[in-house]
Number of protein chains: 2
Amino acid sequence: MPNDSSEFVQALREAGLKVTQQRVALLATLMESTDHPNAEEIFVRVRALDDSVSLATVYRTLSTLEEAGLVQRLTFENEPARFEITPASQHDHLVDVDSGEVIELPSEELNRIRQDLADRLGYEIVSLHSFIRARKKPAVS
Amino acid sequence: MPNDSSEFVQALREAGLKVTQQRVALLATLMESTDHPNAEEIFVRVRALDDSVSLATVYRTLSTLEEAGLVQRLTFENEPARFEITPASQHDHLVDVDSGEVIELPSEELNRIRQDLADRLGYEIVSLHSFIRARKKPAVS
DNA sequence: TTTTTTGCAAACCTTTTGCAAGCTG
DNA sequence: CAGCTTGCAAAAGGTTTGCAAAAAA
């Protein structure tokens with residue numbers, strides 16, 4: 001396994017996962033992606049770095065990395081799952097129903113309230129999945 | 001089409017939809033369900049009322065009713081979509097990752113904050129999909 | 001060398017769809 | 001009666017899996 005210097009190699013080691021070319025390529029791809037690509041899109045992008053990667057491996061690796069907490073799966077309606085590198089702080093997503101664009105919402109306040117609700121019910125939060133489907137309002141003159 | 005007295009018949013009329021035995025049966029089923037069943041489960045329950053209903057119709061009807069705003073689709077991870085009669089007030093869902101149980105969270109405050117965030121970005125909310133995956137904490141003595 | 005990971009292709013599962021027949025308004 | 005709705009069976013689309021070969025530790 002190449003290039004121990006990479007931050008991804010380290011992340012994989014810390015997660016107790018074997019360091020493979022494919023996993024590193026996938027993490028690198030996801031790190032460069034500012035949008036929220038789905039498996040198919042990730043597949044295309046990963047192949048630019050390593051054209052040996054198969055779609056099956058993309059799916060398998062995404063699940064593995066999700067389980068390890070390195071990647072976050074976003075489950076929206078009527079579309080394949082999207083993915084992102086686990087963000088420093090949890091946030092909600094606003095999905096533009098017309099363009100499909102995803103905007104990340106700052107939500108410390110939302111997080112605090114949710115944390116509180118869960119606490120009160122005796123639950124600890126495992127993960128959060130929040131998206132608001134919304135439509136751009138005509139600009140106010 | 002039977003029994004005009006039913007509240008469901010009226011709801012369908014108001015939505016501008018044709019009143020069919022299948023739609024009424026599906027609405028009745030969903031109204032009786034306190035859990036959040038998926039299409040397959042709804043299919044089984046509807047057949048208790050009207051054994052002519054097909055699974056295809058369950059899916060088609062759910063989509064139709066969703067579009068009409070009478071039904072809400074809940075998209076969780078790694079499982080088929082679940083449905084509920086459109087609730088009086090929007091709420092978040094807490095999903096017990098061990099049991100699969102879904103708990104509805106009171107969230108006027110969350111709603112207000114989200115409304116605010118969307119407003120500020122110039123968006124109007126179309127629908128909300130929020131679920132928190134959580135695990136029961138051991139009871140504190 | 002042992003064990004895990006991968007590629008390929010086939011399978012899976014949920015959801016959608018074409019079509020002819022049956023209802024609704 | 002015109003047009004929407006349904007049942008059936010087949011198809012679609014995203015995701016998973018069995019297996020033998022390849023790579024990691």
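Every chain is numbered from 1 and lettered A, B, ... according to where its sequence line falls, protein lines coming before strand lines.
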Open item on the list: Between A/T57 and C/dT5, is there a contact of a side-chain N or O with OP1 or OP2 at under 4.0 Å?
Closed with: no

Task: Sidechain-backbone polar pair: A/N111 side chain, A/Q90 backbone, donor-acceptor under 3.5 Å - done: yes

- [ ] Provide, to the nearest angstrom, the distance between the CD atom belonging to A/Q21 and the P atom belonging to C/dT6.
- [x] 10 Å

Task: Residue A/E124 excluded, over 12 heavy atoms near CD under 6.0 Å - done: yes

TODO: May I ask you to evaluate whether A/Y59 reaches the phosphate of D/dT16, defined as a side-chain N or O under 4.0 Å from OP1 or OP2?
DONE: no

Task: Which nucleotide in C/dT17, D/dT6, C/dA9 has an atom nearest any side-chain atom of B/T61 - done: D/dT6

Open item on the list: Please report the distance, rounded to the nearest Å, between CG in A/L26 and P in C/dT5.
Closed with: 14 Å

TODO: Calculate the interatomic distance between A/L62 atom CG and C/dT6 atom P; express it in whole Å.
DONE: 11 Å

Task: Pair B/D116 + B/R120: basic N to acidic O under 4.0 Å - done: yes

Task: Any residue of residues 47-55 of chain A with a heavy atom less than 4.0 Å from an atom of DNA chain C - done: A/S52, A/V53, A/S54

Open item on the list: What contact category does A/Q22 fall into here, base, sugar-phosphate, or nothing, at under 4.0 angstrom with non-hydrogen atoms?
Closed with: sugar-phosphate

Task: Side-chain donor/acceptor of B/E41 to backbone N/O of B/N38, under 3.5 Å - done: yes

Open item on the list: Please determine whether any donor N or O and acceptor N or O are separated by less than 3.5 Å between the side chain of A/R60 and the base of C/dG7.
Closed with: yes

- [ ] Measure from CG on B/L74 to P on C/dT15 and round the result to the nearest Å.
- [x] 12 Å

Task: A/E67 CD to D/dT16 P, straight-line distance once rounded to whole Å - done: 12 Å

Task: Distance, rounded to the nearest Å, where B/L65 contributes CG and D/dT5 contributes P - done: 11 Å

TODO: Report yes or no: do A/S127 and B/R133 form a side-chain donor-acceptor pair below 3.5 Å?
DONE: yes

Task: Given DNA chain D, 5'-ward residue of the pair B/K18 and A/E79, judged by closest heavy atom - done: B/K18

Task: Rounded interatomic separation in angstrom, taking CG from A/L27 and P from C/dT5 - done: 14 Å

Task: Integer-rounded Å distance: C/dT14 C1' and B/I42 CD1 - done: 14 Å

TODO: Would you check if A/D96 and A/I103 make a side-chain contact, meaning some heavy-atom pair closer than 4.5 Å?
DONE: no

Open item on the list: Is it the case that over 12 heavy atoms from other parts of the model lie below 6.0 angstrom from the CD atom of A/E67?
Closed with: no

